[in-house]
Amino acid sequence: MRKVLLTGAAGGVGTMIRPLLREIYPELVLSDLIEPANLQANEPFRAADLADLAEVEAAAEGMEGILHLGGFSVEGPWDTILQANIVGCYNLFEAARRQGVKRVVFASSNHAMGFYPRRSHVGIDAIHRPDSRYGVSKAFGEAVGAMFADKHGLGVLSIRIGNVGDKPIDKRRLAIFLHPEDLVQLMRIGLEHPAIGYEVVYGMSFNERAWWDNSRAYALGYRPRHRAEDHVAFALEGEARNPPDPVGDFFQGGTFCSAEYTAGLPD
Ligand code: 15L
């Protein structure tokens, strides 16, 4: 795998992983709505609006693999989510099919499963319980990926990403911590593992207090190099500054669950 496109390259996660990906894929091409501010001379860039199929197809031309981080990365108004994450995600897979791309790694999210209580332990067979319009769009993206894999033979890995960063900033992020290097390891599995048809994994580093069963990722060869528990003091210090949130503290999705919440208090 040499020719790889990274969508959402100007976003927070895209910015963190660009230098790591470049070492592995020297021909990496970046894409986003607008050029990243700090674009380097050795970083080819193709601007594309995900809501415009022709632009996405032009960005995908000649690519063997796509790492799809693009779209709206938090909760937002329905029309924003609709264009960036529903229309945009469909366009991305359709463009990949038309251009003969072999693999797509889809950046799904923990928010596709956010309404599972923190006390539960969920695997990849559990049904979606999205906590937001954003979470619904991620469940949709997983479904689109599965359809393109089964119907058109595209190899697709959906990674239900937790929280990407160098350190988890509170208790929820501690349980879903994903170091950028471990994310890149999962992405490599999606692009390079010989037996990817359609797969779902959780995007978390090694975690002793995990809410998720990530055995499928381990079976595919994932060996995270980072450990959430190494940051426990830092995370709990951050937690002490969070306001109480009876709904967000109960469910895995945190404030994505409590925002706009009108159902009864969970017990
Ligand atoms: C996500 O899916 C978001 O993209 C990111 O901004 C964080 O909110 C993360 O989840 C999280 O759950 O912390």
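Note that ligands are numbered from 1 as they come in the structure, with each ligand's atoms numbered from 1 the same way.
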Mind checking whether F256 and H111 have parallel, tilted or perpendicular rings, split at 30° and 60°?
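Geometry flag for H111 against F256: parallel rings.
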List every atom of ligand 1 that sits less than 4.0 Å from any heavy atom of [X], numbering the atoms from 1 in the order shown and giving each element.
X: N163; value: 7 (C), 9 (C), 11 (C), 13 (O)
X: R173; value: 13 (O)
X: H111; value: 1 (C), 2 (O), 9 (C), 10 (O), 11 (C), 12 (O)
X: F256; value: 8 (O)

Would you kindly specify which portion of [X] sits under 4.0 Å from ligand 1, judged on non-hydrogen atoms: side chain, backbone, both or neither?
X: K138; value: neither
X: N110; value: side chain
X: V74; value: side chain

Once rounded to the nearest 0.5 Å, what's the spacing between atom CZ of R98 and atom CD of E57?
5.0 Å
How far does CD1 of I161 sit from CG of N163, to the nearest 0.5 angstrom?
10.5 Å
When distances are taken from atom 11 (C) of ligand 1, the protein heavy atom at minimum range is R172 NH2, 3.1 Å
Could you list the donor-acceptor pairs under 3.5 angstrom formed between side-chain atoms of residues 260-267 and any protein atom two or more places apart in sequence or on another chain?
| unit_1 | atom_1 | unit_2 | atom_2 | d |
| --- | --- | --- | --- | --- |
| E260 | OE1 | R133 | NH1 | 3.0 |
| E260 | OE2 | R133 | NH2 | 2.9 |
| Y261 | OH | G264 | O | 2.6 |

For atom 5 (C) of ligand 1, the option (of S73, G114, G135) bearing the nearest heavy atom:
S73
Should one rank G162, G8, S109, A112 by closest heavy-atom distance to atom 9 (C) of ligand 1, which comes out on top?
G162
Can F206 and H226 be said to form a ring-ring contact (aromatic ring centres under 6.0 Å, His included), step by step?
CA-CA 6 Å; F206 183 73; H226 296 268; over 10 Å; no
Determine the minimum heavy-atom distance between L50 and A84, stating which atoms define it.
CD1-O, 4.0 Å
Is it true that the side chains of S205 and H179 contain a donor and an acceptor less than 3.5 Å apart?
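Side chains of S205 and H179: no pair found under 3.5 Å.
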